[in-house]
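As the structure lists them, so they are numbered: ligands from 1, and atoms in each ligand from 1. Quick caveat: nothing in here was measured; it's all calculated off a predicted structure. In this chain, residues are counted from 1 in sequence order.
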Amino acid sequence: MSKKLSEFDLIDKIKTMFPTPQNMIGIGDDCAIIPQASGFDTLVSTDLLIEGVHFLRQDIQPTLLGWKAAAVNLSDIAAMGGKPIGTFLSVALPSDCSQEWIDQFLEGYHDISSCYNVSLLGGDTTRSLNTICINVGVVGTVPHGKALQRNTAQVGDLICVTGPLGDAAAGLKIILSQLPRLDHESALVLRHYHPMPRIEEGITLAATPGVHAMMDISDGIASDLRHIVKASQVGADVDVERLPFSNELLSVCQKYNWDRVQLALEGGEDYELLFTMDPQCHPAVQYHTIGQITDSNTIQWIGGNRTYEGFSHF
Ligand code: ADP
Ligand code: MG
């Protein structure tokens with residue numbers, strides 16, 4: 001952290017920038033206090049972002065990192081069908097991290113907090129030796145027993161996604177290959193840096209009878225669907241021909257001769273929702289059906305020319 005701004009100055013600044021709602025206790029005491037409505041379950045999740053592992057300081061604009069740090073957590077609440085209430089932001093900052101960097105990071109964090117009407121209720125602030133480390137925690141709420149889990153897919157369910165796949169992976173490829181950013185390329189880069197957690201869609205899906213299992217797409221469905229299949233002890237047939245693609249992705253794949261199926265299945269960070277439901281079910285969200293749950297205990301990629309694996313950190 002720069003010398004100009006002490007730990008307590010920074011906390012004061014954050015406290016002013018993120019006022020606590022009337023009915024809660026947020027930044028300033030030893031714990032946040034969040035009132036609980038009866039008949040609801042609490043959802044909690046955290047995510048860690050390490051410079052050099054999850055982002056490159058010289059590469060990502062701090063406003064976008066602030067957005068994304070909160071976005072990936074809000075997406076975990078969306079994945080259960082919950083409504084986010086508050087987040088917790090812990091930062092470890094090295095001395096060469098400029099005040100401007102911190103301000104911009106907080107600005108991005110503030111943007112998404114306003115956009116999704118979620119309060120920053122606490123965190124921790126400390127010095128780090130070399131790298132920026134960010135941990136975001138999130139608390140959400142869902143009607144009792146209604147959270148959608150991964151282990152409840154049923155044989156015969158349709159497999160669906162809430163939006164196009166592969167955009168974020170293509171965006172990352174454009175960034176890493178330093179390709180010129182024309183209209184379509186810029187849109188894909190934005191899908192990588194500025195994901196939109198599907199909160200409204202998740203809430204609607206959790207309230208729709210017949211929707212059985214759900215998760216968010218963070219590692220690519222080749223990997224994510226495997227989690228549902230394994231947890232539910234079922235199998236899946238995915239119809240590769242039915243994967244939804246954006247026009248931007250199709251045009252960029254054609255231009256650079258990229259494999260759109262591979263980007264869709266193995267590229268991560270789309271942060272769309274992946275869910276399974278009874279074929280009679282018609283939830284009031286936009287979705288694309290891409291396959292069906294089977295009793296085969298394996299995933300078949302029908303129309304694909306090989307087997308696919310998702311992204312893994314290890
Ligand atoms: P403690 O020593 O009890 O951990 P701190 O001095 O670390 O307290 O923090 C004081 C208050 O400021 C706490 O309410 C804490 O949640 C909040 N806080 C500290 N750092 C952050 C941060 N980066 N973002 C939001 N709130 C923070
Ligand atoms: Mg502390």
- [ ] Under 4.0 Å, heavy atoms only, figure out whether ligand 1 is touched by the backbone of Ile11, its side chain, both or neither.
- [x] side chain

Task: Non-neighbouring partners of Ser186 that pass side chain to side chain contact (heavy atoms under 4.5 Å, CB included), sequence neighbours left out - done: Arg181

Just which atoms of ligand 1 are under 4.0 Å from any heavy atom in [X]?
X: Asp29; answer: 13 (C), 14 (O)
X: Thr125; answer: 19 (C), 20 (N), 21 (C), 22 (C), 23 (N)
X: Gly28; answer: 11 (C), 13 (C), 14 (O)
X: Ile27; answer: 12 (O), 14 (O), 17 (C), 25 (C), 26 (N)
X: Asp30; answer: 3 (O)
X: Phe8; answer: 6 (O)
X: Ile14; answer: 22 (C), 23 (N), 24 (N), 25 (C)

Is [X] salt-bridged to [Y], going by a charged N under 4.0 Å from an acidic O?
X: Arg191; Y: Glu272; answer: yes
X: Lys255; Y: Glu185; answer: yes
X: Asp219; Y: Arg226; answer: no

Report yes if some heavy atom in the side chain of [X] is under 4.5 Å from a heavy atom in the side chain of [Y]; otherwise report no.
X: Ile299; Y: Leu225; result: yes
X: Ile302; Y: Val240; result: no
X: Met215; Y: Ile228; result: yes

Please confirm whether [X] comes within less than 3.5 Å of ligand 1 when only nitrogen or oxygen atoms on both sides are compared.
X: Ser90; answer: no
X: Val91; answer: no
X: Leu120; answer: no

Task: side-chain hydrogen bond (donor to acceptor under 3.5 Å, both in side chains) against Tyr109, all qualifying residues, sequence neighbours excluded - done: Thr87

